[in-house]
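Heads up: the structure comes next, in structure tokens.
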Protein chains: 2
Amino acid sequence: MESAEPSITIQNVVASVDLGTKIDLILVSKQLEKAEYTPEQFPGVIVRLKEPKAAFLIFSTGKMVCTGGKSEEDVYEAVNTMVDMLNEIGVGITQEPQITIQNMVASASLGVEINLEVASFALDNVIYEPEQFPGVIYRMRDPKVVLLLFGSGKLVVAGAKEKEDVYLAVEKVNEELEAIGSLRTR
Amino acid sequence: MESAEPSITIQNVVASVDLGTKIDLILVSKQLEKAEYTPEQFPGVIVRLKEPKAAFLIFSTGKMVCTGGKSEEDVYEAVNTMVDMLNEIGVGITQEPQITIQNMVASASLGVEINLEVASFALDNVIYEPEQFPGVIYRMRDPKVVLLLFGSGKLVVAGAKEKEDVYLAVEKVNEELEAIGSLRTR
DNA sequence: AAACTTTTTAAATACCCTTATAAAAAGTAT
DNA sequence: ATACTTTTTATAAGGGTATTTAAAAAGTTT
């Protein structure tokens with residue numbers, strides 16, 4: 001008997017971007033009404049886009065961080081939009097932006113409850129302090145990601161560099177939990 | 001078949017007190033380290049007692065408000081303690097304090113769940129807006145009290161002038177809810 | 001003349017925040 | 001050299017806030 005496939009949803013994609021040109025943050029913060037800039041608090045300008053929904057941290061070095069994307073495509077689209085906005089206010093970006101996916105976060109549900117006590121005893125590289133945090137923190141070595149396991153059978157995968165790592169990690173933890181008998185159909 | 005007696009607990013007794021002597025609030029706030037006095041915020045001095053646990057609002061007119069008592073006896077005892085404290089710092093209280101119970105709040109449990117939808121339709125003088133407040137607000141005319149009814153079968157009685165009103169109100173609402181069929185053993 | 005200020009108390013909801021995870025960027029601070 | 005600062009996102013448990021009710025007192029503000 002085989003359980004149903006776990007449902008998996010990529011919830012957040014973070015990428016670093018190199019525009020190849022120094023940027024005048026004062027200019028950006030003054031020209032873009034949606035820009036937030038409080039240098040004494042954080043060195044980057046913060047800009048949020050609605051479509052696709054994403055947030056940018058723009059630095060004077062010409063590098064940026066894009067967060068909030070739901071997919072890699074979201075990130076590419078958001079970067080294009082951001083670059084157009086910057087060029088419209090006079091920032092001369094001539095090179096192709098170098099985009100690197102740095103982190104992917106996903107949520108998943110195994111469809112069955114997880115006995116966290118059993119899981120924390122049988123798995124390695126695990127931290128479980130329910131009074132501090134309700135989930136089991138499981139650092140998987142391959143793929144190198146961190147999973148947060150909850151009693152409800154839902155879990156979070158963080159630190160993946162690519163989509164495939166997310167799928168592999170969920171499949172793997174599902175098998176491991178099954179093997180140690182910490183799963184129970186609800 | 002008769003259901004068990006509802007459990008009732010008096011949770012708060014509020015009383016007004018007249019000491020019959022004008023009081024120098026500046027003196028009180030300086031002599032009593034536990035006194036709180038912020039006249040621009042509230043005209044009375046606030047003093048909290050630990051045994052019995054109660055809070056006093058003391059006004060320059062010589063009148064006070066005592067809140068937090070769990071019984072009428074608590075209030076009488078708290079007032080005596082408060083009067084002694086005031087006389088110890090030089091406030092000359094010679095008359096017997098006039099104490100009037102102004103409000104009693106009680107919590108109770110009927111031991112059975114209440115269908116609030118049914119109750120709000122069948123009872124008069126009722127307000128039920130679950131998205132604003134989870135309980136049904138029922139203004140009973142006799143005894144004149146307000147009841148807050150919850151789906152769990154627990155309720156709150158507020159506005160009673162005497163203990164007997166609390167018991168009568170709980171007994172009455174229990175019968176009314178039973179009569180309209182909004183009670184269900186859990 | 002009302003409506004607000006303050007204090008107390010139970011009930012049960014909805015919020016908020018914090019806890020924890022990863023990652024980059026470029027500043028400040030130990 | 002670390003450890004912070006900021007942004008995003010799911011997950012969930014705990015804490016805190018708010019909501020509502022009554023009542024008095026004596027001030028302020030509509």
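Residue numbers begin at 1 in each chain, while the letters A, B, ... track the order of the sequences.
Of the two residues contacting DNA chain D, namely B:Phe150 and B:Lys144, the nearest-nucleotide position lying further toward the 5' end is that of B:Phe150. Projected onto DNA chain D by closest heavy-atom contact, B:Val65 and A:Ala108 fall at different nucleotides, the more 5' of which corresponds to A:Ala108. Toward the 5′ end of DNA chain C lies the nearest nucleotide of B:Arg48, the other residue of the pair B:Arg48 and B:Gly151 mapping further downstream.
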Pair B:Val136-B:Leu155, side-chain contact (heavy atoms from CB on, under 4.5 Å): steps then yes or no: CA-CA 9 Å; B:Val136 162; B:Leu155 58 91; over 6 Å; no

side-chain contact (heavy atoms from CB on, under 4.5 Å) evaluation trace for B:Met85 with B:Leu32: CA-CA 8 Å; B:Met85 286 174 65; B:Leu32 292 182; 3.9 Å; yes

Test side-chain contact (heavy atoms from CB on, under 4.5 Å) applied to A:Glu113 and A:Lys154, step by step: CA-CA 8 Å; A:Glu113 293 188 341; A:Lys154 292 185 177 179; over 6 Å; no

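Among the nucleotides D:dA26, D:dT21, C:dT21, the one closest to the side chain of B:Lys63 is D:dA26. With distances taken from any side-chain atom of A:Phe59 to the nucleotides C:dA22, D:dA24, C:dA26, the minimum falls on C:dA26. With C:dA24, C:dT8, C:dA26 as the choices, the nucleotide that has an atom nearest any side-chain atom of A:Thr61 turns out to be C:dA26. Distance from the side chain of B:Lys53 is smallest to C:dT8 among D:dT11, C:dT8, D:dA26.
Partner A:Pro6 forms a side chain to side chain contact (heavy atoms under 4.5 Å, CB included) with one of A:Val173, A:Val170, A:Val112 and no other, that one being A:Val170. Tested against B:Lys30 for a side chain to side chain contact (heavy atoms under 4.5 Å, CB included), the candidates B:Leu27, B:Val28, B:Ile26 yield a single pass: B:Ile26.
Among the atoms of the strands shown, only primed sugar atoms or phosphate atoms (P, OP1, OP2) are found under 4.0 Å from some heavy atom of B:Ser60. Nucleic acid contact for A:Leu57: base, since at least one base atom lies under 4.0 Å from a heavy atom of the residue. Nucleic acid contact class of A:Val156 (heavy atoms, under 4.0 Å, all strands): base.
Contacts with DNA chain D (heavy atom under 4.0 Å) in residues 11-33 of chain B: B:Val14, listed by number. For residues 90-106 of chain A, proximity to DNA chain D is found at A:Val105, defined as any non-hydrogen atom under 4.0 angstrom from a strand atom. Contacts with DNA chain D (heavy atom under 4.0 Å) in residues 130-138 of chain B: B:Gln132, B:Phe133, B:Ile137, listed by number.
Contact check, A:Ser152 against D:dA12: a side-chain N or O comes under 4.0 Å of OP1 or OP2. Using a 4.0 Å cut-off, no side-chain N or O of A:Gln41 falls inside it from OP1 or OP2 of D:dT5.
The two atoms that bring B:Ile180 and B:Ala119 nearest to each other are CD1-CA, 3.9 Å, heavy atoms only. The two residues A:Ser60 and A:Leu25 make their nearest non-hydrogen contact at N-CD1, 3.6 Å. The minimum heavy-atom distance linking B:Ala108 with B:Ile8 is given by the pair CB-CG1, 4.0 Å. Between B:Ala169 and B:Val157, the closest heavy-atom pair is CB-CG1, 4.5 Å.
Annotation: the span from B:Ile58 atom CD1 to B:Glu36 atom CD amounts to 11.5 Å, rounded to 0.5 Å.
At whole-Å resolution of the value, NZ in B:Lys50 and P in C:dT8 are 14 Å apart. Rounded to whole Å, the distance from NZ on A:Lys154 to C1' on D:dT9 is 14 Å. In this structure, the CD atom of B:Glu113 is 11 Å from the P atom of C:dA12, given to the nearest Å.
Defined by atom type and a distance below 3.5 Å, a donor-acceptor pair is present between the side-chain atoms of B:Glu176 and B:Tyr138.
For the pair A:Val45 and A:Leu57, the minimum side-chain heavy-atom distance is 4.5 Å or more.
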